[in-house]
Amino acid sequence: MLQEGTSKPVAASLLGHADTAFLERTYCHPQDVAKRQAANLMQDLLNNQNPCYVAFMKNKNRKVKKVG
């Protein structure tokens, strides 16, 4: 449920837990895999071989013309 976007309080309630502490200790560790996947994706996106990153860095230092 958590990986599909259900909030911790709602998931805890549906599972019959009084609060989210037990839920977090018991069920949240699989999210470490999702965190690792997200970190790998971020690393790929920020790779200097990524064309989008190269374009961003090229335009980052460009001076902006003031209008008016």
Side-chain angles (χ1 to χ4, degrees):
M1 286 188 291
L2 296 173
Q3 289 181 347
E4 296 300 321
T6 303
S7 71
K8 288 179 184 178
V10 169
S13 175
L14 289 172
L15 293 169
H17 304 307
D19 61 33
T20 62
F22 179 81
L23 175 89
E24 290 170 356
R25 287 191 313 270
T26 307
Y27 302 111
C28 290
H29 63 276
Q31 290 186 347
D32 290 340
V33 173
K35 288 178 185 178
R36 195 173 310 112
Q37 290 172 337
N40 290 338
L41 175 60
M42 182 64 74
Q43 183 177 12
D44 290 344
L45 290 172
L46 295 177
N47 184 329
N48 63 4
Q49 301 300 313
N50 182 326
C52 295
Y53 179 79
V54 172
F56 170 77
M57 291 306 287
K58 182 187 249 186
N59 290 323
K60 180 180 167 190
N61 297 323
R62 195 178 75 186
K63 292 185 179 181
V64 178
K65 293 180 183 178
K66 293 184 179 180
V67 178

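Side-chain contact between Leu46 and Met42 is present, with at least one heavy-atom pair separated by less than 4.5 Å.
Rounding to the nearest 0.5 Å gives a distance of 9.5 Å between CG of Leu41 and CD of Gln37. The distance from atom CG of Asp19 to atom OG of Ser13, rounded to the nearest 0.5 Å, is 11.5 Å. Between the OG1 atom in Thr6 and the CD atom in Glu4 there is a gap of 7.5 Å [rounded to 0.5 Å]. If you take CE on Met1 and OG on Ser7, they are separated by 9.5 Å, rounding to the nearest 0.5 Å. Atom NE2 of His17 is separated from atom CZ of Arg25 by 9.5 Å, given to the nearest 0.5 angstrom. Note: Leu2 CG to Glu24 CD = 9.0 Å, rounded to the nearest 0.5 Å.
For Thr26 (side chain) and Phe22 (main-chain N/O), a donor-acceptor pair under 3.5 Å exists by modelled atom type.
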